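Right, one structure below, let's go through it.
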2 protein chains.
Amino acid sequence: MTVGQQRRRGRLLEDAIHDAVIDELLQAGYGRLTMEGVAARARTAKASLYRRWSSIEELVIDTVDRRMTQPEEYPDTGSVREDLVVGFGRMLDTLNSPAGRAIAGLLGALPYAPGLQKAARERIVRPRAQAVADTIQRGVDRGEVRPGAVTPFVAASGPALIIYTYLIQGLELSGRDIEDIVDQVVMPAVQVSSFRSG
Amino acid sequence: MTVGQQRRRGRLLEDAIHDAVIDELLQAGYGRLTMEGVAARARTAKASLYRRWSSIEELVIDTVDRRMTQPEEYPDTGSVREDLVVGFGRMLDTLNSPAGRAIAGLLGALPYAPGLQKAARERIVRPRAQAVADTIQRGVDRGEVRPGAVTPFVAASGPALIIYTYLIQGLELSGRDIEDIVDQVVMPAVQVSSFRSG
DNA sequence: GATTTAAGAGACGGAACCGTTTCTTAAGGA
DNA sequence: TCCTTAAGAAACGGTTCCGTCTCTTAAATC
């Protein structure tokens, strides 16, 4: 901080650093993330980063823990379709936030971030897949959708389409798109007996 | 080339350079791809690269053109399920090749590669989406699946699940997984009238 | 064989970044 | 108020990479 500026300490500084990580991830992507860049963006010294984290990787893992773990909540309305539309709508809201965009970018970089894979998959990917699976399972338990509807691919189909559309196709999604994904892909999948077990 | 080594010229050299791009993409990802690295891997001088391509980005776009554009072929057996299983199986074969792995990594980096987005989406993503849509459309034409089955999300559901499973979840797929994707997600989607248009 | 072209090696000046250190001094607590 | 702690600025030696240039000489062509 230059003369007259306030120094931040402890939690306050860490929050600012996590914010900076997210902003730098958004701009540079994981492959080009640097301590230099994060420090500059957080307006702090590199030494302050190195006092806490020994590497950029460690810093990102901490940011994942602190800022990227909380999955979207799925309601329990008694209707699987309604619950999924609302939950995926919230996933879209997350995707449209800075942290959500950073998450998407980070997920795309996972093949090249071995040190990050475990943390990201456990903290970002799995809880979100579990929330979808739980929602569908409630429908199974209510007799609303077919027994056995919860499979890894069925549970992943919604999130896969959302991330694929945003990350790979480069398209922005609308609330209507969310409904289309649910109505065209996910609901048929949970209701129709699959070919070989049907 | 050191004394005694053979110099390559023209096409031969370009092929070696494209190979090197793919290998470097596999190892470093797009974010950390360097002219220095490609040149070293191709065992050529940077000047030879710069004689042809003014930037790493231009080199990658050329590699996409030359090595990554050919989509998988889908058969026309008279059964949508069969065609999709074979076609997605070929997509999986591609994914298990060096170029295919490089493609996946490149797709994950697209948010951070503005200069590459257009080329990658037009040459890698769209032809493959079109091949799936064409396959499903043939089923529509044969009266095998429902009219209106070809929607962007239905057509994307297979590729989205394949790339999501590999790239985001970090899991290797098997031929059995391909069949599960088709049977659990894609076939129900093409056969069941969607909620709001049903 | 002679000539032309471009491939490959190596060097260059400069930029960016790493991880570390020193120094000053703003916070926080006693 | 005094003392302690750590934040921030700046510098450091070293590495990697960039884009370019020079020189030698391997290919290709006539």
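Here is the naming used below: chain letters follow the sequence lines, and residue numbers restart at 1 for every chain. All figures in this text were calculated on a predicted structure; none of them were measured in a lab.
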Discussion item. Nearest whole Å is fine: how far is D/dA6 C1' from A/R11 CZ?
Written reply: 17 Å

Worksheet item: Please give, in whole Å, the distance from D/dA28 P to B/R9 CZ?
Response: 6 Å

Worksheet entry | Ion pair A/R176/A/D183, N-O distance below 4.0 Å | no

Practice prompt. Rounded off to whole Å, could you give me the CG-to-P distance for the B/L49 and D/dC17 pair?
Written response: 14 Å

Practice prompt. Output yes when A/R101 and A/E172 qualify as a salt bridge under the 4.0 Å nitrogen-oxygen rule, no when they do not.
Written response: yes

Item to complete: Find out whether A/I124 and A/T69 are in side-chain contact, i.e. whether some heavy atom of one side chain is under 4.5 Å from a heavy atom of the other.
Response: no

Practice prompt. Provide, to the nearest angstrom, the distance between the CG atom belonging to B/L59 and the P atom belonging to D/dC18.
Written response: 11 Å

Worksheet entry | Listed nucleotide nearest any side-chain atom of B/R7, set D/dA28, D/dA7, D/dT24 | D/dT24

Worksheet item: For D/dA7, does either OP1 or OP2 sit under 4.0 Å from a side-chain N or O belonging to A/R52?
Response: yes

Discussion item. Under a 3.5 Å threshold, yes or no: a donor from one side chain and an acceptor from the other, between B/Q27 and B/R41?
Written reply: yes

Extract from the structure each pairing of a protein N or O with an N or O of nucleotides 16-23 of chain C at less than 3.5 Å, listing the distance.
| residue | atom | partner | partner atom | Å |
| --- | --- | --- | --- | --- |
| C/dC18 | OP1 | A/M35 | N | 3.0 |
| C/dC18 | OP2 | A/M35 | N | 3.4 |
| C/dC18 | OP2 | A/E36 | N | 2.9 |
| C/dG19 | OP2 | A/Y50 | OH | 2.2 |
| C/dG19 | N7 | A/K46 | NZ | 3.2 |
| C/dG19 | O6 | A/K46 | NZ | 3.2 |

Worksheet item: Quick one: B/R41 CZ to D/dT16 P, roughly how many Å, whole number?
Response: 16 Å

Practice prompt. Please check if any side-chain donor atom of B/E82 sits under 3.5 Å from a side-chain acceptor atom of B/T77, or the reverse.
Written response: no

Discussion item. Are A/L161 and B/Y164 packed together at the side-chain level, in the sense that at least one heavy-atom pair is separated by less than 4.5 angstrom?
Written reply: no

Fill in: C/dA26 OP1/OP2 closer than 4.0 Å to side-chain N/O of A/Q6
no

